[in-house]
Amino acid sequence: MKKIINKPEDVVDQMIDGLIFGSEDLIERIPGTNVILNKQLSKGKVALVSGGGSGHEPTHAGFVGPGMLAAAVCGQVFTSPAPDQILEAIKQADQGAGVLLVIKNYSGDIMNFEMAEELAAMDEIEVDHIVVDDDIAVEDSTYTAGRRGVAGTILVHKIIGAAAESGLSLKELKALADQVIPSIKTIGVALSAGTVPESGKPGFELEDNEMEYGVGIHGEPGYRREPIKPSREIAEELTDQLRKAFQWKAGDCYGILVNGLGATPLMEQYIFANDVAQLLKSEQIELPFRKIGSYMTSLDMAGLSLTLIQLKDDHWLDWLNAPARTTAW
Amino acid sequence: MKKIINKPEDVVDQMIDGLIFGSEDLIERIPGTNVILNKQLSKGKVALVSGGGSGHEPTHAGFVGPGMLAAAVCGQVFTSPAPDQILEAIKQADQGAGVLLVIKNYSGDIMNFEMAEELAAMDEIEVDHIVVDDDIAVEDSTYTAGRRGVAGTILVHKIIGAAAESGLSLKELKALADQVIPSIKTIGVALSAGTVPESGKPGFELEDNEMEYGVGIHGEPGYRREPIKPSREIAEELTDQLRKAFQWKAGDCYGILVNGLGATPLMEQYIFANDVAQLLKSEQIELPFRKIGSYMTSLDMAGLSLTLIQLKDDHWLDWLNAPARTTAW
Amino acid sequence: MLTVESTIKWLNLFSEKVEKNKDYLSELDQAIGDGDHGANMARGVAAMNEALSNKSFDSIQDVLKTAAMALLSKIGGASGPLYGSALIAMAKQAGEDRSDLASIIQAGSDGIQKRGKAEPGDKTMVDVWVPVVNALKNNKLSADIIKKAVQDTEPLKAKKGRASYLGDRSIGHIDPGSMSSGYLFETLIEGDTL
Amino acid sequence: MLTVESTIKWLNLFSEKVEKNKDYLSELDQAIGDGDHGANMARGVAAMNEALSNKSFDSIQDVLKTAAMALLSKIGGASGPLYGSALIAMAKQAGEDRSDLASIIQAGSDGIQKRGKAEPGDKTMVDVWVPVVNALKNNKLSADIIKKAVQDTEPLKAKKGRASYLGDRSIGHIDPGSMSSGYLFETLIEGDTL
Ligand SMILES: Nc1ncnc2c1ncn2[C@@H]1O[C@H](COP(=O)(O)OP(=O)(O)O)[C@@H](O)[C@H]1O
Ligand SMILES: Nc1ncnc2c1ncn2[C@@H]1O[C@H](COP(=O)(O)OP(=O)(O)O)[C@@H](O)[C@H]1O
Ligand SMILES: [Mg+2]
Ligand SMILES: [Mg+2]
Ligand SMILES: [Mg+2]
Ligand SMILES: [Mg+2]
């Protein structure tokens with residue numbers, strides 16, 4: 001493992017301090033916690049709180065700020081934060097209109113956030129939660145943990161964050177999320193695994209010429225390994241999966257997010273985006289919202305993911321385009 | 001080489017299309033060229049044009065837009081663009097107040113941009129140029145090519161771009177740059193080399209536990225190789241070099257840029273930034289401007305660079321903080 | 001019998017065992033999860049030990065609640081709320097009926113199932129807690145029964161937790177949370193708390 | 001003697017040689033530069049060949065200017081403007097004094113020095129152009145002289161171009177731009193243009 005870090009057990013703590021150092025005008029750390037708080041909370045509006053294991057930077061802390069998250073809770077690397085930290089975030093984020101928790105669909109996150117929600121209810125703070133499960137690489141099933149939450153989460157932060165800023169109530173936001181979340185689907189490909197600092201070894205091994213479709217953002221296994229293909233063919237595979245999942249037709253309107261997984265530079269992300277753009281153009285899909293960059297990473301994993309959101313309502317596009325002052329949007 | 005690309009000879013062309021696809025509201029490609037043009041040029045104001053070899057994304061094209069560059073010229077990977085492309089950028093960027101070329105100090109770039117400048121002069125366009133040479137890893141000498149231009153270039157884009165937007169003349173901008181550029185110094189460290197797609201091999205080899213101080217953004221050799229150290233010690237080494245170069249004293253006022261070189265994720269950049277912040281705090285250096293992210297990369301090189309700019313004039317800070325609408329700032 | 005002292009002793013022994021076997025727990029988790037179960041549990045029991053040594057207690061409930069809060073706030077991940085919920089439920093039960101170990105462990109098991117919604121056979125720690133409760137009720141908990149319960153998770157296909165993403169590939173590996181729960185009950189025996 | 005035909009033939013032979021040796025040129029550049037000199041030159045001569053075959057010419061000046069513009073716009077990097085400047089200067093000179101090869105090459109050499117500010121001994125292509133000009137003036141240019149000039153760059157320490165970043169480590173390698181310039185003059189001889 002070659003990383004610019006100090007002690008592996010200190011990475012989250014020191015990373016948070018570095019992030020705050022870079023964005024002191026926007027965010028602060030709640031002392032004694034791993035919670036990042038928006039410095040300009042909107043009085044009387046619903047506060048959005050998210051979080052999860054670290055290692056996905058800039059997610060989630062990079063999206064704290066006016067127009068997106070009120071607070072983000074940073075767990076250890078790839079490990080959900082504990083309820084007491086989440087409770088602290090809820091308490092400090094609440095501006096009297098209640099708190100909405102944005103949870104990525106992992107058993108650990110769900111349980112920790114739900115416990116925090118129960119604790120907050122005892123403190124008479126109005127709290128509800130939404131669960132993002134956009135990764136279509138895993139078969140959906142009520143008998144299992146279901147689909148994982150991945151890069152699409154940042155679109156949820158943006159849309160629900162802007163809607164909250166516009167004054168929607170907790171109930172309205174929850175209803176909105178129930179529409180938005182099923183409209184977001186993501187599928188990724190990995191060229192190499194990320195390395196958790198405390199483990200020191202890559203999460204999985206790929207041969208020098210191999211890639212794996214459908215790998216999760218914690219290195220969860222994907223659906224197929226094969227020799228690396230040209231960008232155009234990777235774009236075809238991922239687009240095929242999304243077409244199957246969405247069943248789109250010519251003229252449909254989508255937003256697109258091409259997301260780098262950590263070690264893949266912008267050059268490759270742009271080339272891949274260009275290939276996807278051509279494929280979707282040939283199918284006459286409208287793409288009025290587009291975003292390219294490393295937003296939901298998996299430490300130093302090489303690879304990228306493709307997210308589409310079907311824009312079923314004009315408001316969604318407005319909210320995606322609404323101003324937000326955060327470190328990373 | 002494992003990269004998400006198509007044919008190596010097409011990477012620049014396709015990357016440009018992908019970039020434009022993602023930012024069609026801001027920028028366009030001059031047809032038949034590798035020039036990216038700001039869609040909202042400011043009439044009557046000096047136009048800033050930069051460029052160089054590709055592989056440093058988001059530099060330079062990501063900084064085209066109101067408040068920064070009027071145009072960027074993309075050469076082949078690590079290869080300066082040719083004069084005809086630069087000339088085209090100059091012609092289309094000029095809004096009647098002349099064009100200022102921002103050149104990184106490499107023989108190839110200097111010669112190509114100077115030839116374009118000569119050609120533009122024949123077309124009676126007022127053109128001048130400034131040369132950024134912020135990399136203190138290389139001994140400065142008038143008998144050699146001198147210091148290389150690296151990450152500090154984006155601070156030049158920002159300050160001079162904002163100053164141009166505020167209405168300064170070509171002469172005034174050139175005089176400003178003569179003050180600003182010597183106030184910017186950068187030093188980097190590499191953990192692994194980037195791979196030029198057409199060559200297919202990493203630009204240099206480092207052992208599994210090695211790093212190299214002072215490597216250039218094209219993999220130019222640095223000043224020392226040693227076993228990888230903790231972030232804190234790397235921060236000490238780079239800060240020592242900058243202290244020697246600046247000879248600062250307590251109370252001095254600087255802007256800071258921690259820059260990832262391509263494959264190093266934000267987590268490590270934040271941890272390193274935190275270490276540098278503590279060191280500079282202990283020396284009572286004021287840091288009113290701070291930026292952390294992968295802005296001047298070297299393909300998929302792992303490592304980072306540290307840039308400081310001494311803020312000798314309050315205007316500089318205002319210009320750094322002035323609004324800019326670009327893909328990457 | 002559970003007393004304040006024996007409960008603390010039990011939890012201390014559990015901590016030691018987790019600390020000693022943390023690499024093995026992570027190894028098990030590397031195979032079918034994300035490889036952090038050992039680190040998570042070690043972080044948790046270290047905090048628990050500290051909390052238990054910094055205070056004096058006058059009830060089992062008090063001990064269990066203190067342990068619960070430490071585990072809950074320091075393990076994180078999936079096992080944090082599960083062990084936390086188990087010990088909170090056990091503390092509640094101990095307040096009502098402090099002498100009956102079987103009903104206390106039963107409460108813990110119920111707490112885990114309520115939190116995690118896993119059924120026996122889903123290849124989770126539930127597959128250790130449930131047989132242990134049954135054995136306790138019949139007064140025949142033994143190291144062998146615990147070992148067997150842990151071992152029996154090997155052929156199962158995971159339906160809950162991270163391992164469930166693997167589908168059939170989760171078959172053939174011991175469930176890490178079952179192993180750490182196994183340690184909890186082994187130390188119950190080793191500490192003569194039965 | 002330079003005629004329209006012999007000049008085109010010369011440049012075609014040069015293209016072939018560059019294309020055939022492009023990997024070697026890049027290898028030389030990998031050692032002390034950035035490894036792209038072969039790719040740069042190959043891109044340039046391909047464009048030059050195309051430009052030369054798409055047009056008919058009625059003067060040497062015309063040929064050289066067309067070649068110059070192709071090289072200038074397609075090589076890029078450091079060698080693009082250098083070869084471009086050389087051929088532009090040669091075209092100008094050919095307009096004035098088209099028969100004297102020595103004065104034409106001299107103009108090219110001056111063009112390179114004006115553009116790149118390198119002196120003989122700086123370990124650049126200048127170290128081939130200057131001795132070639134001298135030999136031409138004395139009417140004794142030979143393959144050996146060219147070979148020697150290229151080879152003589154090996155022990156030099158680079159003062160200009162990318163190799164200069166290496167300092168002493170640039171010693172012991174042939175300069176890639178000198179090698180490609182060597183090809184230019186070798187093909188001058190091979191094409192019987194002298
Ligand atoms: N829903 C659940 N119900 C019961 N136990 C579970 C559940 N989900 C996970 N577990 C247990 O948690 C263990 C994994 O814990 P750990 O590795 O610490 O957390 P994470 O999976 O978040 O990394 C599994 O081996 C399993 O025994
Ligand atoms: N200032 C200069 N004057 C003359 N020749 C130069 C100069 N700088 C570089 N060169 C020549 O250019 C060659 C390198 O060309 P090339 O690799 O194509 O460009 P780059 O260095 O931009 O990658 C060197 O080997 C050297 O001969
Ligand atoms: Mg985990
Ligand atoms: Mg080059
Ligand atoms: Mg785990
Ligand atoms: Mg070169």
Side-chain angles (χ1 to χ4, degrees), chain B residues 8-9 12 33-34 52-55 73-88 106-116 118-119 135 137-139 141-148 195-204 214-223, chain D residues 22-23 26-27 29-44 46-47 68-86 88 111-112 114-119 121-125 157-170 177:
Chain B
E9 58 269 35
V12 174
T33 73
N34 288 342
S54 291
V73 195
C74 303
Q76 291 304 307
V77 176
F78 289 0
T79 303
S80 168
D84 52 346
Q85 300 262 326
I86 303 169
L87 178 62
E88 200 55 35
Y106 299 96
S107 314
D109 289 284
I110 304 257
M111 291 189 283
N112 284 291
F113 276 82
E114 278 183 354
M115 286 192 84
E118 290 162 18
L119 295 169
D135 188 351
V138 179
E139 208 51 64
S141 158
T142 43
Y143 301 109
T144 67
R147 285 178 169 162
R148 304 175 292 230
T195 297
V196 175
E198 291 210 56
S199 115
K201 294 172 302 207
F204 54 91
V215 168
I217 57 171
H218 310 93
E220 295 94 337
Y223 61 87
Chain D
K22 73 175 171 190
D23 289 345
S26 284
E27 236 170 71
D29 196 31
Q30 185 95 46
I32 55 170
D34 57 353
D36 62 357
H37 189 57
N40 292 347
M41 291 304 296
R43 201 169 44 235
M69 294 322 283
L71 294 179
L72 186 60
S73 91
K74 283 294 181 283
I75 298 181
S79 44
L82 291 167
Y83 279 106
S85 297
I88 289 172
I112 289 175
K114 213 173 138 198
R115 179 60 56 203
K117 316 247 156 36
E119 296 295 325
D122 284 356
K123 197 178 185 116
T124 71
M125 55 177 75
K157 174 172 160 177
K159 299 235 177 64
K160 282 282 183 295
R162 238 169 247 288
S164 68
Y165 298 129
L166 286 168
D168 285 341
R169 280 182 276 168
S170 65

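Within every chain, numbering begins at 1; the chains are lettered A, B, ... in the order of the sequence lines, protein sequences first and strands thereafter.
- K160(D) has its side chain out of reach of S107(B): every pair of non-hydrogen atoms, C-beta onward, lies at least 4.5 Å apart.
- Interatomic distance, M111(B) CE to L72(D) CG, rounded to the nearest 0.5 Å: 11.0 Å.
- Contact annotation for Q85(B): neither backbone nor side-chain heavy atoms come within less than 4.5 Å of a heavy atom of chain D.
- In this structure, P81(D) and G108(B) approach most closely via the heavy-atom pair CG-O, 4.4 Å.
- Separation of atoms OG (S85(D)) and CD (E114(B)) is listed at 10.0 Å; rounding is to 0.5 Å.
- When the salt bridge (Lys or Arg N to Asp or Glu O under 4.0 Å) test is applied to E9(B), no partner is found at least two apart in sequence or on another chain.
- Between chain B and the options G116(D), A118(D), G76(D), S73(D), heavy-atom pairs under 4.5 Å are most frequent for S73(D).
- Interface remark: Q30(D) contributes side-chain atoms only to the contact with chain B (heavy atom separation under 4.5 Å).
- Residue with the most contacts toward chain B among K117(D), R169(D), R115(D): R115(D) (heavy-atom pairs, distance under 4.5 Å).
- Scanning residues 34-43 of chain D against chain B with a 4.5 Å heavy-atom cutoff picks out D34(D), D36(D), N40(D), R43(D), ordered by number.
- At a 4.5 Å heavy-atom cutoff, the contact between I75(D) and chain B is made by backbone atoms alone.
- For chain D, the option among P81(B), P83(B), G53(B) with the highest count of heavy-atom pairs below 4.5 Å is P83(B).
- Looking at I88(D), only its side chain comes within 4.5 Å of chain B, counting heavy atoms on both sides.
- In terms of heavy-atom pairs under 4.5 angstrom with chain D, the leader among V77(B), I110(B), V196(B), T79(B) is T79(B).
- Counting all heavy atoms, side chain and backbone alike, F78(B) lies closest to R162(D) at O-NH2, 3.9 Å.
- Using a 4.5 Å cut-off between heavy atoms, N112(B) contacts chain D through both its backbone and its side chain.
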